[in-house]
Amino acid sequence: MTDLLLHGCSLFDSAAGVLVPDAAVHVRDDRVVAAGPAVDVAVPDGAVRVDLDGGYLLPGLLNLHTHLSLSLPGAAGARVEAMGPHELALYMASGARRTLHAGVTTVRCVAEKSGADFALRAAIEAGEVPGPRMFTAGRALCCTGGHGAGSPDTLECDGADAFRRGVRSQVALGADLVKLMISGGIAGEHEAISTPQLTDDEMAAAISTAHDWGRKVTAHAGPAEVIARAVERGLDCVEHGYQLTPEVAAQMAAAGTALVPTLVVTRCGAFFDELGVPAWMQARSLGAADRHAASYRMALEAGVEVLLGSDMPPFWDFEGTSATVRELEHMAELGAPAGMTPARALQAATLAPARWLGADDRVGVVAPGRFADLVLCDEDPTADVGGLRTLRWVMKGGRVVRDDRVEALR
Ligand SMILES: [Zn+2]
């Protein structure tokens with residue numbers, strides 16, 4: 001049994017959405033025993049005291065739209081597509097380690113190739129490779145020729161029976177949730193963002209089967225009309241939501257359907273250049289940016305629960321920070337006119353996604369009984385979420401997995 005007392009820090013209380021100055025956290029083995037104002041946290045005899053030098057401590061971040069095996073059209077994506085199973089597993093393990101070091105201690109994978117995600121999840125849980133806690137959908141389900149078709153991170157289904165079978169096949173492999181592609185998107189050459197792709201009976205079959213097996217369903221979706229039909233049939237979460245209307249946003253809020261806006265995917269020209277994506281995809285992405293931002297604000301105004309998800313690899317070095325932090329900056333900045341404060345954005349990166357996953361008894365908040373998954377930064381992220389650019393220390397399950405000050409001493 002190891003007792004740690006983390007002190008000399010301010011703590012973001014993700015349940016109350018406030019910063020607790022002069023805070024302390026008592027960690028025993030992999031869990032939090034007590035957290036709050038230092039005067040209220042009892043110090044056990046023999047505890048190892050860790051002075052955090054006036055830093056800002058937060059729950060580890062959750063990124064709900066992750067692909068560790070992402071391959072977009074273009075040269076970089078073609079390299080990933082060409083990988084054999086061993087190469088792919090190592091490539092994804094490298095991404096998992098970098099994701100954890102970027103302060104993302106939990107991910108939700110929403111389409112991964114060839115079942116490698118299940119092997120990776122097991123290896124992380126066994127302590128064989130470093131990485132975040134993983135919740136995964138396995139392969140995404142799409143229609144023939146639909147969004148993402150032709151890659152081993154999707155399964156093409158047509159008709160209600162095939163969608164039922166698709167859901168069951170991923171659950172049988174160990175899927176924690178189900179991902180559907182219900183409309184076109186940015187990365188499909190023969191479709192538009194607004195192309196409807198699943199019929200009502202296909203959506204109903206997939207969603208009801210997943211729910212019967214106790215799995216939530218999220219959907220890649222652009223146009224309001226398609227989203228409305230899926231929400232009517234019980235959809236739990238919308239990815240991107242490029243073209244919402246106030247009416248459909250209100251319908252989502254009433255149904256309790258969340259939104260993972262992935263704002264960075266229409267703001268990442270430099271990333272696409274780096275990957276060598278074709279011109280048509282660049283144009284479609286950047287051309288959708290303004291409507292995408294307006295759609296996000298409609299969701300906020302309607303009271304939809306919004307959650308952090310980057311779509312880009314969570315750790316990717318992008319515009320001076322990670323793709324995860326850049327996405328959170330976009331959420332705060334573009335959402336500010338609709339009431340998105342930095343504290344609320346931090347909740348969208350911690351407790352709110354933990355609740356969606358049904359994991360808020362384990363992660364998303366620094367409270368007794370939860371895993372000691374923590375990140376530390378030098379600047380106050382409740383004043384400006386850009387404070388997360390100064391992230392320099394990461395703990396997962398009570399073990400420090402990154403400490404830049406120690407690294408600097410080497
Ligand atoms: Zn995606």
Side-chain angles (χ1 to χ4, degrees), residues 62-74 76-77 80-81 92 95-96 99 104 107-114 116-117 132 134-143 146-155 170 175-189 191 193 195 197-198 216-223 226-227 230 235-243 258-268 271-272 275 277 281-282 284-285 288-289 292 295-296 306-316 318 322-324 326-328 330-331 353 356:
L62 285 84
N63 188 322
L64 288 204
H65 192 126
T66 302
H67 309 281
L68 293 169
S69 55
L70 182 71
S71 59
L72 294 174
V80 177
E81 287 280 338
M92 290 172 69
T99 295
V104 177
V107 293
R108 189 187 66 169
C109 297
V110 287
E112 299 288 5
K113 298 193 200 311
S114 310
D117 46 325
M134 273 178 68
F135 293 80
T136 188
R139 295 187 186 195
L141 309 184
C142 66
C143 64
H147 188 69
S151 171
D153 55 17
T154 54
L155 199 59
Q170 297 312 294
D176 301 294
L177 66 141
V178 168
K179 168 86 179 286
L180 303 177
M181 307 295 206
I182 65 174
S183 76
I186 287 170
E189 188 173 5
E191 63 191 24
I193 286 176
T195 310
Q197 294 190 346
L198 299 203
K216 283 187 170 176
V217 181
T218 193
H220 162 102
V226 175
I227 292 168
L235 185 67
D236 302 294
C237 189
V238 170
E239 307 300 306
H240 319 300
Y242 299 114
Q243 299 168 346
L259 173 70
V260 179
T262 71
L263 296 161
V264 78
V265 305
T266 51
R267 289 164 178 75
C268 63
F271 171 64
F272 288 156
L275 265 48
V277 308
M281 186 171 152
Q282 273 278 16
R284 195 186 298 169
S285 160
H292 191 189
S295 186
Y296 166 60
V306 300
L307 309 170
L308 172 67
S310 61
D311 211 350
M312 284 175 66
F315 56 84
W316 204 270
F318 184 62
S322 68
T324 301
R326 195 72 191 101
E327 172 65 19
L328 197 61
H330 284 312
M331 288 174 75
W356 192 92

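Whatever order the structure lists them in is the order used to number ligands and atoms, beginning at 1. Excluded from the calculations below are hydrogen atoms, water molecules and symmetry mates; all remaining heavy atoms, backbone and side chain alike, are included.
For F271, the ring-ring contact (aromatic ring centres under 6.0 Å, His included) test picks out W316, with sequence neighbours left out.
The existence of a salt bridge linking R108 and E239 is confirmed by a sub-4.0 Å separation between a basic side-chain nitrogen and an acidic carboxylate oxygen.
Protein N, O or S atom count below 2.8 Å of the Zn ion (ligand 1): the structure gives 3.
To the nearest 0.5 angstrom, I182 atom CD1 is 12.5 Å from L141 atom CG.
H147 and E191 are linked by a side-chain donor-acceptor pair at a separation below 3.5 angstrom, with hydrogens and angles left out of the test. Side-chain atoms of H292 and H240 form no donor-acceptor pair, as typed in the model, at a separation below 3.5 Å.
Of the candidates D153, D117, D311, H67 forms a side-chain hydrogen bond (donor to acceptor under 3.5 Å, both in side chains) with just one, namely D311.
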